J.: 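There's a structure below that I have some questions on.
Values below: all heavy atoms of this structure, side chains included; hydrogens, waters and symmetry mates excluded. Please read all numbers here as calculations on a predicted model, not as lab measurements.
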Amino acid sequence: MHKKIDYKKELNKAQLEAVESISGAYLVIAGAGSGKTRVLVHRAAYLVEQGVNPEQILLLTFTRRAAEEMLRRASLLLDERCKRISGGTFHSFANMTLRKYAKLMGMSNNFTILDQSDAEDAVNLLRTQLGYHKSEKRFPRKHAILEIISKSVNKSEEISDVIYDEYPQFMGFSEQIKRIRQEYNKYKRDKSLLDYDDLLVFLRDLLSRHADARAGICAKYKYIMVDEYQDTNKLQAHIACLLAADHGNIMVVGDDAQSIYSFRGANFKNIIDFPKIFKDARIITLEENYRSTQPILDLTNAVIAQAKEKFEKHLYTKKRDGGIPVFLDCPDENSQSRYVADKILELREEDVALKDIAVLFRSGWHSNDLEIELASRNIPFVKYGGQKFVEAAHIKDILSYLRVAYNNSDQVSWLRALLLIPKIGPKTAGKIIETLSGETKEKKDFPNNEDLSRLLGLLREVDCRRDGPAKTIEKFLVYYQPLLKNKYDDFNKRLSDLDSLLRIAERYKTTEQFLVDMALEPPERSLVEAGRRDKDDTALTLSTIHSAKGLEWHTVFLIYVAEGHLPSYLSLETAEEIEEERRLFYVAATRAKVNLFLLKPHIDRSPRSFMDGGGSVFTQVSRFLEDGGLINKFVDIQTPGGMNGLDDVDIDDILGEKRQRNREFFESIEEYFRE
């Protein structure tokens with residue numbers, strides 16, 4: 001005998017409404033911390049309990065693990081029947097379906113799926129066969145080319161538009177990349193290969209162009225559920241809607257306020273326009289929050305209320321404890337880092353474990369200074385959403401120059417420095433190192449290479465013991481920039497890290513101490529040793545906001561809450577980009593359960609200083625706190641060191657003119673899913 005579930009007891013009113021909604025189209029707007037997963041798990045169990053064949057339920061998620069966990073929980077809630085529900089990712093469902101209908105699509109059902117590495121190798125092969133590797137100007141490498149092609153597919157945009165928006169340095173290669181895409185598609189067809197993007201494209205085409213096949217698939221899966229709908233790209237949304245085209249039974253769950261992945265192809269309009277596609281769709285809003293205190297929710301509600309386009313909701317909680325969020329205007333970046341480190345140690349003394357604390361930031365480089373500060377205090381941390389600062393290849397490159405200048409016998413650093421030079425390989429580098437390790441350093445022993453001559457000349461000129469690390473690094477940066485541009489397709493993004501390295505070096509009087517601190521044990525080893533010393537402690541989390549979505553902590557520090565940083569100066573070109581930055585702020589703030597600290601450095605020595613020739617500016621608090629005077633209503637303003645950062649220059653004066661580019665949104669399903 002199957003057990004009965006008391007849904008009224010286990011769910012709040014809005015959750016119960018969503019769970020008991022069966023036939024028709026439903027859009028569940030699940031506010032942060034409102035029990036979205038709980039609704040999906042209980043609805044799966046409820047459908048089975050109502051007599052629906054589990055195999056007729058399709059649950060689409062963004063990770064296989066998420067689907068498996070939901071169905072496991074549903075089985076524990078009800079019984080083993082829930083394990084027969086079809087659950088998985090869009091890609092896994094596409095793979096399974098296309099194997100069955102391969103002939104209809106003109107391909108073999110034993111097609112091979114290319115992984116990322118294989119796809120890049122195929123693109124590189126075609127790049128070479130077309131002769132583009134011999135271009136006078138450096139042609140983009142395989143990873144960048146495949147990324148451009150993939151974004152074009154997932155965003156349903158022309159390659160030229162993707163390049164214009166995200167890869168302006170490759171504007172001159174638009175036609176060549178289009179040619180590579182044509183040859184890449186032919187290459188895959190000829191060899192019966194599909195990449196990840198093809199799985200979605202072919203499934204979309206199957207459902208839209210073959211009515212009989214679509215009818216059969218819709219008859220098999222009569223109840224469609226989609227998790228994290230705000231993160232779907234245009235292809236995925238089209239597929240989801242087509243799967244419900246014959247019966248109209250679909251429930252999509254998500255939060256428009258947490259749509260933050262446009263850089264991966266996610267389309268904010270998918271969730272906004274769902275009621276336009278399914279005109280009889282019912283909207284159910286989950287507003288009771290089980291995570292944060294009310295003062296934190298008061299701030300986040302006010303921030304998202306300023307959004308231009310949204311579904312109305314007001315998060316509330318029965319948890320009334322907790323103080324209001326704190327805003328701190330720190331004198332500079334290192335003061336910001338020191339405050340965070342000090343407060344973390346205070347919290348630890350108050351029995352808040354490091355694993356329950358997170359520092360969040362908009363861009364990976366924002367934590368560079370903090371990482372050094374934490375390491376100097378022996379505070380173990382793990383970082384998500386970006387490589388650890390001192391482990392990044394371009395940081396290692398510059399440090400190799402500094403180490404060679406400090407210790408001419410450092411052969412490991414010599415090897416790295418020499419291999420950065422075009423036309424010098426391991427064999428030639430080895431011979432150069434052998435010569436350098438001897439008494440003679442005659443130029444005749446070296447290959448005729450201008451970059452090598454410049455490096456050797458620079459090393460003769462610098463005196464890192466006299467000048468210190470910062471001045472020495474400045475000289476090497478001038479030499480390194482052309483090599484950086486030649487080595488990395490995303491060199492412009494790496495400039496911010498180099499600027500951070502320079503600013504960190506300015507805090508050191510001696511090169512020796514700087515190099516010692518840069519060579520500290522990696523955080524993973526610190527974490528292991530900390531665990532041995534104190535079994536009740538673990539590691540602090542450092543994370544980009546993008547990587548923190550879906551997670552929560554007792555205390556959250558959000559750093560660099562300043563114009564040009566959050567929102568990022570790279571996202572000020574269109575209203576849509578600024579609105580996504582607002583949602584990023586919302587996601588970050590709603591990760592906090594009890595304490596929320598918002599910080600910014602009063603003096604800004606950001607990457608713009610490095611790229612624009614130096615200089616410092618006063619910062620302005622993020623517009624997301626300024627809009628509607630929110631900072632005065634919902635935040636406790638503190639100013640360490642007596643600084644006041646609220647009466648500063650307009651950041652727009654610093655950023656200069658912005659590109660103007662209008663983007664059209666789709667008003668109907670025909671426009672929305674135009675091929």
J.: Which value, rounded to the nearest 0.5 Å, describes the distance between His91 atom NE2 and Leu60 atom CG?
T.: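 Rounded to the nearest 0.5 Å, the NE2-CG separation comes to 11.5 Å.
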J.: Taking the six-membered ring for Trp, is the centroid-to-centroid distance between His565 and Phe361 below 6.0 Å?
T.: no
J.: More than 12 non-hydrogen atoms from neighbouring residues, nucleotides or ligands closer than 6.0 Å to CZ on Arg377, yes or no?
T.: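 Buried by this count: over 12 neighbours within 6.0 Å.
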J.: Look up atom CD1 in Ile304 and atom CZ in Phe585, then write down how far apart they are to the nearest 0.5 Å.
T.: 10.5 Å
J.: Quick one: closest heavy-atom pair of Ser34 and Leu286, and the distance?
T.: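 Shortest heavy-atom separation between Ser34 and Leu286 comes out as OG-CB, 3.5 Å.
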J.: Closer than 3.5 angstrom, by distance alone: can the side chain of Asp256 be matched with the main-chain N or O of Phe311 as a donor-acceptor pair?
T.: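 Flag set: sc Asp256 to bb Phe311 pair under 3.5 Å.
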J.: Mind checking whether Tyr560 and His366 have parallel, tilted or perpendicular rings, split at 30° and 60°?
T.: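 It falls in the parallel class, under 30°.
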J.: Kindly give the heavy-atom pair with the smallest separation between Glu10 and Arg38, and that separation in Å.
T.: O-NH2, 2.9 Å
J.: Before accepting this row, confirm whether a basic side-chain N of the pair Arg291/Glu552 lies closer than 4.0 Å to the acidic partner's carboxylate O.
T.: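 Yes, charged N to carboxylate O under 4.0 Å.
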J.: Can you see which heavy atom on Ile260 is nearest to which on Phe263, and at what distance?
T.: O-CE2, 3.9 Å
J.: Going through the distances and angles, do Ser292 and Lys593 end up as a side-chain hydrogen bond (donor to acceptor under 3.5 Å, both in side chains)?
T.: CA-CA 4 Å; Ser292 306; Lys593 295 196 283 188; over 6 Å; no
J.: Can you find a side-chain donor-acceptor pair between Ser152 and Glu157 that sits under 3.5 Å?
T.: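 Checked: Ser152/Glu157 side chains show no N/O donor-acceptor pair below 3.5 Å.
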J.: Once rounded to the nearest 0.5 Å, what's the spacing between atom CD of Glu579 and atom CZ of Arg582?
T.: 5.0 Å
J.: Quick one: does Asp231's side chain have a donor or acceptor within less than 3.5 Å of a partner on Ala266's backbone?
T.: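 Checking the backbone N and O of Ala266 against the side chain of Asp231, no donor-acceptor pair under 3.5 Å is found.
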J.: Using a strict cut-off of less than 4.0 Å between a Lys/Arg side-chain nitrogen and an Asp/Glu carboxylate oxygen, indicate whether Glu346 and Lys343 qualify as a salt bridge.
T.: yes
J.: How far apart are the C-alpha atoms of Glu147 and Tyr167, what are their side-chain angles, what is the distance that settles it, and do they pass the side-chain hydrogen bond (donor to acceptor under 3.5 Å, both in side chains) test?
T.: CA-CA 10 Å; Glu147 202 169 64; Tyr167 303 86; 2.4 Å; yes
J.: List the atom of Leu630, the atom of Phe624, and the distance in Å for their closest heavy-atom pair.
T.: CD1-O, 3.6 Å
J.: Say you draw a straight line from OG of Ser337 to CD1 of Ile372; how long is it, rounded to the nearest 0.5 Å?
T.: 9.5 Å
J.: Without swapping roles, check the side chain of Ser262 against the backbone of Gly265 for a donor-acceptor pair under 3.5 Å.
T.: no
J.: Return yes if some donor-acceptor pair links the side-chain N/O of Asn368 with the main-chain N/O of Trp365 below 3.5 Å, else return no.
T.: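 Flag set: sc Asn368 to bb Trp365 pair under 3.5 Å.
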J.: Test Gln638 against Asp636 for side-chain hydrogen bond (donor to acceptor under 3.5 Å, both in side chains), laying out the working first.
T.: CA-CA 6 Å; Gln638 299 179 14; Asp636 177 17; 3.3 Å; yes
J.: Measure across Ile284 and Ala18 and return the closest heavy-atom pair with its distance rounded to 0.1 Å.
T.: CD1-CA, 3.7 Å
J.: Is Lys36 salt-bridged to Asp227, going by a charged N under 4.0 Å from an acidic O?
T.: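 Salt bridge flag = yes for Asp227 with Lys36.
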J.: Could you tell me the separation between the CG atom of Asp369 and the OG atom of Ser367, rounded to the nearest 0.5 Å?
T.: 9.5 Å
J.: Between Arg591 (side chain) and Val587 (backbone), is there a donor-acceptor pair under 3.5 Å?
T.: yes
J.: Run the ring-ring contact (aromatic ring centres under 6.0 Å, His included) test against His42 and tell me which residues pass, sequence neighbours left out.
T.: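 His42 satisfies ring-ring contact (aromatic ring centres under 6.0 Å, His included) with no other residue.
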J.: Can a salt bridge be assigned to the pair Glu69 and Arg72 using a cut-off of 4.0 Å between side-chain N and carboxylate O?
T.: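 Counted as a salt bridge, because a side-chain N and a carboxylate O are separated by less than 4.0 Å.
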J.: Output, in order, the C-alpha distance, side-chain angles, deciding distance and verdict of side-chain hydrogen bond (donor to acceptor under 3.5 Å, both in side chains) for Thr317 and Asn289.
T.: CA-CA 5 Å; Thr317 182; Asn289 179 283; 4.8 Å; no
J.: For Glu287, is there an ion pair with Lys13 - N to carboxylate O distance below 4.0 angstrom?
T.: no
J.: Flag the pair Glu350 and Arg348 as a salt bridge only when some basic side-chain nitrogen lies within less than 4.0 angstrom of an acidic carboxylate oxygen.
T.: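 No, no charged N to carboxylate O under 4.0 Å.
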J.: Looking at Arg338 and Asp342, is any side-chain nitrogen of the basic one under 4.0 Å from a carboxylate oxygen of the acidic one?
T.: no
J.: Salt-bridged, Glu581 to Arg362, with N to O below 4.0 Å?
T.: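 Salt bridge flag = yes for Arg362 with Glu581.
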J.: Any chance you could measure Ile545, atom CD1, to Leu558, atom CG, to the nearest 0.5 Å?
T.: 5.5 Å
